[in-house]
> 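Sending over a structure as structure tokens; questions will come in a sec.
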Amino acid sequence: MARNAVRLASLWSPRAGVATARPLASAAIRIPERVAERLALVFPSPSPSLYVHEGARQALERRLMAAHPGQVVLSITDNRQSIISHSKRSGVLRVRLHHMFLDAPPKVMEALVRYITRGDREASVRVGLYIDENGYRLARRRPRAVPLHTRGRHHDLLAIFGDLSVRYFGGSVSARITWGNKVPRRSKAPRRAIRLGSYNGHERVIRIHPALDRSWVPRYFVAFVIYHEMLHHLFPPARNEGGRRVLHPPTFVAREREFRNFERAIHWEARNTARLLRVT
Ligand SMILES: [Zn+2]
């Protein structure tokens, strides 16, 4: 059987002068500690940048064998185009899986096996959700470095982020933050909409619209926008019972209301939207 390689983590590295964030690498394979104690890492290739957790692969192969009457061959890949593929020929089940499944929770493993061996619909929803949550592990071959600019003219994003992290999250938020790029506007007409903040789960980067870097924008409002994006970092999109993606599930909404200046921020936004849309 062909050995499949899994890319090793490329680590976060600040470049001189500019802070850069690299997306979480595909090979930051977290094997639960209890399992890791029993299973040794196997280095199938002389290249130091490739490894496969052979023990975890075998464990998953055994789960498939228990559910499939014939022979099973499981290969682990870092192919981001084909995350799950399988075929049955003369009783042999051949499965190729992205390495994100090697350390999936037991319920996901169980669904994965049901999906592959029986095409179970409900199982496929569960597996799909897991793939969504782990999308950041479908890393690009060459992760793009993201320059981070946190000091604005009026607001220091890193300072606000740090305060929020301590006050609401025990200081444990691992996302990064930056002002978004200033995109020159051709039209002088006010915008029709403005996205004040965004969160990219692949890069783990929160971006704040530079329009908020104004003296008339209160700090608590900038903090509110950041807080909302921090919640996106902590609560990945979920799926409801119908399999629909929900960006702001009830737990998210409840947490958002815990923001100290929640009402104040909502009112400020309502009163100042038109002004924000006019910012050049
Ligand atoms: Zn949101």
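Sequence positions, counted from 1, serve as the residue numbers for this chain. When a ligand or atom number is given, it counts from 1 through the structure's own listing order.
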> Show which side-chain atoms of residues 265-276 pair as donor or acceptor with protein atoms under 3.5 Å away, not counting sequence neighbours.
residue: His267; atom: ND1; partner: Glu263; partner atom: O; Å: 3.1
residue: Asn272; atom: ND2; partner: Trp268; partner atom: O; Å: 2.8
residue: Thr273; atom: OG1; partner: Glu269; partner atom: O; Å: 2.6

> Do side-chain atoms of Asn181 reach the backbone of Val183 as a donor and acceptor pair under 3.5 angstrom?
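The answer is no, because no donor-acceptor pair under 3.5 Å joins these two groups.
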
> Closer than 2.8 Å to the Zn ion (ligand 1): how many protein N, O or S atoms are there?
3

> Sequence neighbours excluded, which residues qualify as ring pair (Phe, Tyr, Trp, His ring centres under 6.0 Å) partners of Phe169?
Tyr227

> What residues, two or more places apart in sequence or in another chain, satisfy ring pair (Phe, Tyr, Trp, His ring centres under 6.0 Å) together with Tyr130?
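By the ring pair (Phe, Tyr, Trp, His ring centres under 6.0 Å) rule, Tyr130 matches Phe101.
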
> Is the His232 ring parallel, tilted or perpendicular to the His248 ring (thresholds 30°, 60°)?
tilted

> Passes salt bridge (Lys or Arg N to Asp or Glu O under 4.0 Å), Lys107 versus Glu110? Steps please.
CA-CA 5 Å; Lys107 280 200 165 162; Glu110 187 241 336; over 6 Å; no

